[in-house]
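Notes for the one structure printed next.
Starting from 1, each residue takes its place in the sequence as its number. These numbers come from the heavy atoms of this one structure, side chains and all, not from hydrogens, waters or symmetry mates.
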Amino acid sequence: MGIPHRSKEEQQQLLEELRYSLGQSIDEELPDAQLIQFLEANVWVVSDAKQQLMDTVNWRKKMNTDRLPVATKYNKLPLLVACRGYKHIDDANFTVQPELSESVIRIANCIGGDCFHKFDKEGHPILIDRTGYHNTKEMGNNVTATEITNYQISANEFLNRVIMPEGCERAGKPIHSETIIFDCTNMSLWQFHMSAMYHLKAIAEIVQHYYPETLHRLFIVNAPSAFVVMFKVIKPWLNPRTLDKIHVLGSNFQSVLLDYIEADDLPDFLGGNCTCKHMPGGCVPIIAQKSKDKFVATDKNEKVPTVYNSDIMEAATVEDQLCCLVPYSATSSIYYD
């Protein structure tokens, strides 16, 4: 869908109109960058941007989202997703730790392998997903909608509060979106599982409504015919702006990725030079496919739908245990011990 061109003067006028229309509707004054994010998501229609922003503010209060704990190298909480190359989080893989809930370990066993891996040339964090190795049948049968949405929300909060601020520093401007690469190697029709698809729909609705304009580009590489079938189901769930950012590529994708990502920041299996040989599993560890190699929860991992155990979740709501680190928004902060 074509986006109407707005001059800088028009954008500034609409920004001021949105701020004025909010009036006393929200408690805090939001930064210009966040207001612009919602304006862009609504093609600069002020009334629509205001409605989505108000919905998001109310949702965050209802869900207590600003108080969700997120891992940093300072609080030493275990990661939900592997990371490589960031200032505020040490390079690490997902491992079973006593602070994690049992539900997160179950989810990790269904995901083929994810990693936040450095930045693209414009300063956007990169998420690489081993889509072709996801066990969607197990996800659909053994993970609830509440568990997977809690996981996705926590992953979004980690990205926005811990990784995204570094992207802003690198770019010298507000950065609120990520570059995603789905590697479909090994994908087949057995992954087409409707219960898992419904989970994906629930996630898409939350991300598009409450985290607008957080996708910069999505590259789908090594896409087989099975993906075409799956994409026909997924496509109606995505808004036109999101669809415009999706690039479906076959096996000759390397030169396209290198247009946007430096070779030293792109894994070698995607056409770059990076191997992350200092880390087990390299750049993006593939989660073990055999039952004997799966992650195993212990009696310390509580059976709760949240990503961390109850004591961690409760501690994160205590005001004096919170400390800001280059906030993503006026209300975002990072949980510290």
Distance (rounded to the nearest 0.5 Å) between Lys118 NZ and Ile163 CD1: 13.5 Å

Rounded distance [0.5 Å steps], CG in Leu53 versus CG in Asn58: 9.5 Å

Same apolar cluster: Ile153 and Val304, side chain cutoff 4.5 Å: no

Any side-chain heavy-atom pair of Leu218 and Phe182 under 4.5 Å: yes

Would a hydrophobic clustering, with Ile, Leu, Val, Met, Phe, Trp and Tyr connected at side-chain separations under 4.5 Å, put Ile180 with Leu249? no

Leu127 backbone acceptor or donor facing Glu178 side chain under 3.5 Å: no

Between CG on residue Asn93 and CD1 on residue Ile287, distance to nearest 0.5 Å: 8.0 Å

Evaluate the side chain to side chain contact (heavy atoms under 4.5 Å, CB included) criterion for residues Cys274 and His117: first the C-alpha distance (whole Å), next the side-chain angles of each, then the deciding distance (0.1 Å), finally the verdict. CA-CA 10 Å; Cys274 189; His117 189 280; 3.6 Å; yes

Any idea which heavy atoms bring Pro31 and Arg19 closest together, and the distance? C-NH2, 3.8 Å

Are side-chain heavy atoms of Gln11 and Trp44 found at a separation under 4.5 Å? yes

Quick one: do the Ser101 and Ser103 side chains pair a donor with an acceptor below 3.5 Å? yes

For the CD atom of Gln37 and the NE2 atom of His176, what is their distance to the nearest 0.5 Å? 4.5 Å

Ignoring hydrogens, what is the shortest heavy-atom contact between Asp183 and Val221? Give both atom names and the distance. CA-CG2, 3.7 Å

Side chain to side chain contact (heavy atoms under 4.5 Å, CB included) between Leu80 and Asp114, intermediate numbers included: CA-CA 9 Å; Leu80 305 180; Asp114 278 348; over 6 Å; no

With a 3.5 Å distance limit and no angle check, can you tell me whether Asp268 reaches the backbone of Thr275 through a side-chain donor-acceptor pair? no

Can you tell me how far the CD1 atom of Ile148 sits from the CD1 atom of Ile107, to the nearest 0.5 Å? 4.0 Å

Any side-chain donor paired with an acceptor under 3.5 Å for Tyr74 and His88? yes

Between Ser251 and Asn222, is the side chain to side chain contact (heavy atoms under 4.5 Å, CB included) condition met? List the steps. CA-CA 5 Å; Ser251 57; Asn222 289 314; 4.0 Å; yes

Where the side chain of Asn309 meets the backbone of Ile312, is there a donor-acceptor pair that is under 3.5 Å apart? no

Locate the shortest heavy-atom distance separating Leu18 from Val46; write the atom from each residue and the value. CA-CG1, 3.8 Å

Does any non-hydrogen side-chain atom of Met139 lie less than 4.5 Å from one of His134? no

If you define the side chain from C-beta out and look only at heavy atoms, does anything of Glu9 sit under 4.5 Å from Gln13? no

Just checking, is any N or O donor in the side chain of His216 or Thr179 under 3.5 Å from an acceptor N or O on the other one? no

The single option from Arg60, Gln152, Arg67 that satisfies side chain to side chain donor-acceptor pair (under 3.5 Å) with Glu157 is Arg60

Using 30° and 60° as the class boundaries, would you call the ring planes of Phe116 and Tyr86 parallel, tilted or perpendicular? perpendicular

Straight-line distance of Met63 CE to Thr56 OG1, nearest 0.5 Å: 12.5 Å

List in chain and number order the residues that pass salt bridge (Lys or Arg N to Asp or Glu O under 4.0 Å) with Glu16, two or more places apart in sequence or in another chain; answer none if no residue qualifies. none

If two hydrophobic side chains count as joined below 4.5 Å and joins carry through other members, does Leu159 share a cluster with Ile175? yes

Student check: side-chain heavy atoms of Thr144 and Pro305 closer than 4.5 Å: no

Are the side chains of Asn156 and Thr214 in touch, meaning some heavy atoms are under 4.5 Å apart? no

Do we see a donor-acceptor contact under 3.5 Å between the side chains of Glu138 and Asn109? no

Look only at the side chain of Asp55 and the backbone of Tyr210, and say whether a donor-acceptor pair between them is shorter than 3.5 Å. no

What closest approach, in Å, do Gly250 and Phe253 show between heavy atoms, and which atom pair accounts for it? O-CD2, 3.4 Å

Identify whether the distance between the nearest side-chain nitrogen and carboxylate oxygen of Arg106 and Glu147 falls below 4.0 Å. yes

ILVMFWY network linking Val248 to Phe219, side-chain heavy atoms under 4.5 angstrom: no

Asn75 side chain to Val70 backbone, donor-acceptor under 3.5 Å: yes

Minimum heavy-atom distance between Cys110 and Val143, given as atom pair plus value: SG-CG2, 4.2 Å

Between Ile246 and Ile181, is there shared hydrophobic-cluster membership here, with clusters defined by ILVMFWY side-chain heavy atoms closer than 4.5 Å? no

Are there over 12 heavy-atom neighbours, none belonging to Asn252, within less than 6.0 Å of that residue's CG? no

Report yes if some heavy atom in the side chain of Tyr308 is under 4.5 Å from a heavy atom in the side chain of Leu77; otherwise report no. yes

Is the count of non-hydrogen atoms from other residues, nucleotides or ligands lying under 6.0 Å from Lys61 atom NZ greater than 12? yes

How about NZ on Lys121, more than 12 heavy atoms from neighbouring residues, nucleotides or ligands closer than 6.0 Å, or not? yes

Evaluate Thr146 against Asn150 for side chain to side chain contact (heavy atoms under 4.5 Å, CB included), listing each step before the verdict. CA-CA 6 Å; Thr146 298; Asn150 283 345; 3.7 Å; yes

Taken in chain and number order and not counting sequence neighbours, the residues that satisfy side-chain hydrogen bond (donor to acceptor under 3.5 Å, both in side chains) with Asp48 are none

If the plane angle is over 60° it's perpendicular, under 30° parallel, otherwise tilted; pick one for Trp59 and Tyr211. perpendicular

Got Val284 and Arg130 here, is their nearest side-chain heavy-atom distance under 4.5 Å? yes

Would you call Glu213 and Arg241 a salt bridge, taking side-chain N to carboxylate O under 4.0 Å as the test? yes

Glu166 backbone acceptor or donor facing Lys87 side chain under 3.5 Å: no

Here the pair of heavy atoms bringing Ala297 nearest to Glu102 is CB-CG, 4.0 Å

